[in-house]
Amino acid sequence: MAAAAVVGVTGLTWLRINKLLGSKSPPVEPKGRTEGDHASEPDTAAEAEEIAPLCPGPSGAFEEPAHAGHALVGGDAPSEDGRPVRRPEPHGGAVTEAGVPASGPAVEAVPSPAEPDGRFPVLRTPSRAADAPWLLPSDAATHGVVADQALLGELHIRAASVVGPGHRAQGIARQDAYRLAQDQHGRYLIIVVADGMSDSRHADVGANAAVTAMAAALREALDSAAGPAEIDPREIFLAAAARMYRTAESRRWDPDDVRAVAVAAVVPVQPHASGTREVWLASVGDASVWRLHDGTWLRLIGDRKGLSDQGLADGAVEHFLPFEVERFACKRELLAAGDVLAVLTDGVADALEQVPEAGAWFARRWQQPPPVGSFLLDAGFQQSQMQDDRTAVAVWCGKGERAR
């Protein structure tokens, strides 16, 4: 992740959060960070950077900031200052970025490993941490594993969140969270995913507060709006920040203890006459949304991991809640009939970008909607050097016939 800028809540933004909170106290600025899967680092030079508002581009879709998007990067390695970084690795032709064609065949013949004993499948290299005992967190915590399966019109939905080997072996609660919802008329599917920052003491609580607030705010917006194009993403992230601040205050925690990144997607249940669907996307941080089309994965939104001058990836998060509600990206993208939309935390997205076989592996496994148990095992894959929590919500768009 690129070098982080800890941007305090601006005066105008804080007034808007105060309105939601009913509070007049100033925001608590983030303290110093420790290492973690989602570490952040202050960058005073970036604090003064003007935040350009997102405006519809020539196609009518919201555009990401010009500085968004960095090179694909690879495996874990320590930096000189001790922060987590990732070394570049080659990547397969099944993963690309917007506007860049895949560099090779979309899907290769990758055999699907059998899981007769219910173990998580090995992606490329077995992980010794995956076989370590699962320890219970010392405090009451969220479930270590959660999954869902649903059908909404022609949309087949699978969702799974699994505590990563690095956390379960230490008795640390799962810090990922997701919510699925629909508006009151059943016109839109709402997906929200959050990834708590592991150097934040109560990241699991913060992630759950964020997804709960964002799902409710999106449902309310869709119930009163003509369509997703009228949704103000700032209001959605303000709602998340307000709930996170309120949750921290009610428990006498520092708001710095509930930091998280988040991403949301709104998917029309019914396609256009052409068979396409225009999805609404918004994100803060490196939680991301991907499209699988003809066997090729394309990242649609979500911060990328950057490279330093030495060619090493910087492991810090640039933008996060509840402090940086204005540091968001928002856009609209078209899905064709038969496409798969995947909303991911970096525990899964990192594999897509860093493991050469991963794009073809997931494309093969998720070519059709799998049983929810199989989807759960896929999301909890084994891979050495990848120990973070994993969350994936996938949506298969129907090809014209209404599913039954």
Side-chain angles (χ1 to χ4, degrees), residues 37 74-76 86 89 91-92 94-95 107-137 141-150 156-178 193 195-196 198 204 207 290 292 295 297 340 342-396:
D37 295 326
D76 292 341
R86 299 187 184 276
E89 285 187 14
H91 53 86
V95 181
V107 180
E108 299 174 357
V110 179
S112 298
E115 302 103 16
D117 56 358
R119 290 175 179 265
F120 295 124
V122 176
L123 184 57
R124 183 185 188 189
T125 308
S127 169
R128 286 181 294 176
D131 292 327
W134 289 38
L135 304 181
L136 286 175
T142 56
H143 299 292
V145 176
V146 62
D148 282 291
Q149 175 173 327
H156 295 258
I157 307 157
R158 302 290 185 270
S161 187
V162 182
V163 60
H167 284 165
R168 64 196 187 218
Q170 300 177 57
I172 297 175
R174 176 173 53 88
Q175 297 172 344
D176 285 1
Y178 72 83
V193 168
D195 187 350
S198 61
D204 56 322
W290 297 69
L292 177 62
W297 290 100
V340 181
V343 186
L344 310 173
T345 60
D346 67 341
V348 179
D350 281 358
L352 278 178
E353 292 192 319
Q354 298 170 21
V355 180
E357 299 88 352
W361 190 86
F362 279 109
R364 182 179 178 87
R365 303 280 288 191
W366 296 351
Q367 184 176 7
Q368 299 293 332
V372 66
S374 177
F375 186 82
L376 171 63
L377 291 177
D378 291 345
F381 64 90
Q382 286 193 53
Q383 175 59 35
S384 63
Q385 304 301 315
M386 292 189 173
Q387 315 302 343
D388 199 2
D389 299 344
R390 291 88 183 274
T391 298
V393 180
V395 181
W396 285 259

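The minimum heavy-atom distance between A392 and W366, with the atom names listed, is CB-CH2, 4.1 Å. Nearest heavy atoms, G359 versus L352: CA-CD2, 3.9 Å. Annotation for A363 and W297: closest pair N-NE1, 3.7 Å, computed over non-hydrogen atoms. Closest non-hydrogen pair, G164 versus D389, comes out as N-OD1, 2.7 Å. When every heavy atom of V163 is checked against every heavy atom of W134, the shortest pair comes out as CG1-CZ3, 3.9 Å. Of all heavy-atom pairs between M386 and A351, the closest is CE-CA, 3.7 Å.
Looking at heavy atoms from C-beta onward, V348 lies in side-chain contact with F362 at the 4.5 angstrom threshold. Using a 4.5 Å cut-off on side-chain heavy atoms (C-beta onward), D388 and T345 make no contact. Counting only heavy atoms from C-beta outward, the side chains of P369 and R158 approach each other to under 4.5 Å. At least one side-chain heavy atom of V162 sits less than 4.5 Å from a side-chain heavy atom of F120. Side-chain atoms of Q387 and P165, non-hydrogen and from C-beta on, do get closer than 4.5 Å to each other.
For T391 and D176, the side-chain atoms include at least one donor-acceptor pair closer than 3.5 Å.
Taking CG of D131 as the start and CD of Q382 as the end, the distance is 5.5 Å to the nearest 0.5 Å. If you take CG on L123 and CD on Q354, they are separated by 11.0 Å, rounding to the nearest 0.5 Å. Going from atom CG of D148 over to atom CG of L376 covers 10.5 Å, rounded to the nearest 0.5 Å. A distance of 10.0 Å separates CG in D346 from CZ in R390, rounded to the nearest 0.5 Å.
Here the side chain of Q149 pairs no donor or acceptor atom with the backbone of P371 at under 3.5 angstrom. Checked by atom type and distance alone, the side chain of R174 never pairs as donor or acceptor with a backbone atom of T142 at under 3.5 Å. The closest donor-acceptor contact from the side chain of R124 to the backbone of E357 lies at 3.5 Å or more, if one exists at all.
The ring-ring contact (aromatic ring centres under 6.0 Å, His included) search around W396 returns none, not counting sequence neighbours.
Heavy-atom contacts from other residues, nucleotides or ligands closer than 6.0 Å to CG of L135 number more than 12.
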